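See structure below.
Quick note: residue numbers are just sequence positions, from 1. The model shown is predicted, which means the values in this text are computed figures rather than measured ones.
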Amino acid sequence: MSEFSSRKAHNSRLPPEVNRILYVRNLPFSITADELYAIFGKYGGIFQIRLGEKDKDTRGTAFVVYDDIYDAKAAVDHLSGFNVGGRYLIVLYYQPSKFEKRAQQEEKEKDLVELRKRVQQHKSQVEGK
């Protein structure tokens, strides 16, 4: 029996949040995709790595997409709390619903700021008359 098939038989029932896409936080800002590949590649074949932009809010984050769900699970199990460049990694399964909620919250906050501006402008106009 190969290593993969024994892993698959051992882990036949995975929790529903487990998937091939990992969201990694608390990365050193200077880390490269090659360095991430060296760290995460030890746990299986990687389909894609996407680093957050250096000058945006996504700095220090990355998405790592594995070819196989069991490799992703092994990476989460072994790399959560792993020290890289003096920082402890936070490795989570990607959950689209959480990212959608965050985007919706940011949109609501923008709308609220715009509404406050309009109320303030209206107030200024009324006081000026």
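- Residues Tyr88 and Gly81 approach most closely at CD2-O, 3.1 Å, considering heavy atoms.
- A pairwise comparison of heavy atoms in Leu89 and Asn26 identifies CD2-O, 4.2 Å as the closest pair.
- Taking 4.5 Å as the limit, some side-chain heavy atom of Lys73 sits within range of a side-chain heavy atom of Tyr93.
- Considering only heavy atoms from C-beta on, Arg87 comes within 4.5 Å of Phe29 through its side chain.
- Between Asn19 and Ala72, the closest heavy-atom pair is O-CB, 3.4 Å.
- In terms of heavy-atom proximity, Thr61 sits nearest to Leu27 at C-CD1, 3.7 Å.
- The two residues Leu51 and Ala62 come nearest to each other via the heavy atoms CD2-CB, 3.9 Å.
- The side-chain heavy atoms of Arg116 and Val119, taken from C-beta on, include no pair separated by under 4.5 Å.
- The CD1 atom of Ile39 sits 6.0 Å away from atom CZ of Phe82, with the distance rounded to the nearest 0.5 Å.
- Here the closest heavy-atom approach between residue Ile69 and residue Val18 is recorded as CD1-O, 3.4 Å.
- In this structure, CG on Asp68 lies 12.5 Å from CD1 on Ile46, to the nearest 0.5 angstrom.
- Within the 3.5 Å criterion, the main-chain N or O of Ala74 finds a donor-acceptor partner in the side chain of His78.
- Taking a 6.0 Å sphere around CZ of Arg25, one finds it holds 12 or fewer heavy atoms contributed by other residues, nucleotides or ligands.
- The side-chain heavy atoms of Val113 and Glu109, taken from C-beta on, include no pair separated by under 4.5 Å.
- Tyr66 contributes a side-chain N or O that, together with a main-chain N or O of Phe40, makes up a donor-acceptor pair within less than 3.5 Å.
- For the atom pair OH (Tyr94) and CZ (Arg20), the distance works out to 13.0 Å, reported to the nearest 0.5 Å.
- Between the Ser80 side chain and the Ile90 main chain, no donor and acceptor come within less than 3.5 Å of each other.
- Cation-pi geometry between Arg50 and Phe63 is not satisfied (NZ or CZ under 6.0 Å from the ring centre, within 45° of the ring normal).
- Atom CD1 of Ile21 and atom CG of Leu92 lie 13.5 Å apart (nearest 0.5 Å).
- The number of heavy-atom neighbours closer than 6.0 Å to CG of Asp57, taken from other residues, nucleotides and ligands shown, is 12 or below.
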**Study point:** Working for side chain to side chain contact (heavy atoms under 4.5 Å, CB included), residues Ile49 and Val65
**Key:** CA-CA 6 Å; Ile49 292 179; Val65 183; over 6 Å; no
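- Between Leu79 and Leu22 the shortest side-chain heavy-atom distance does not fall below 4.5 Å.
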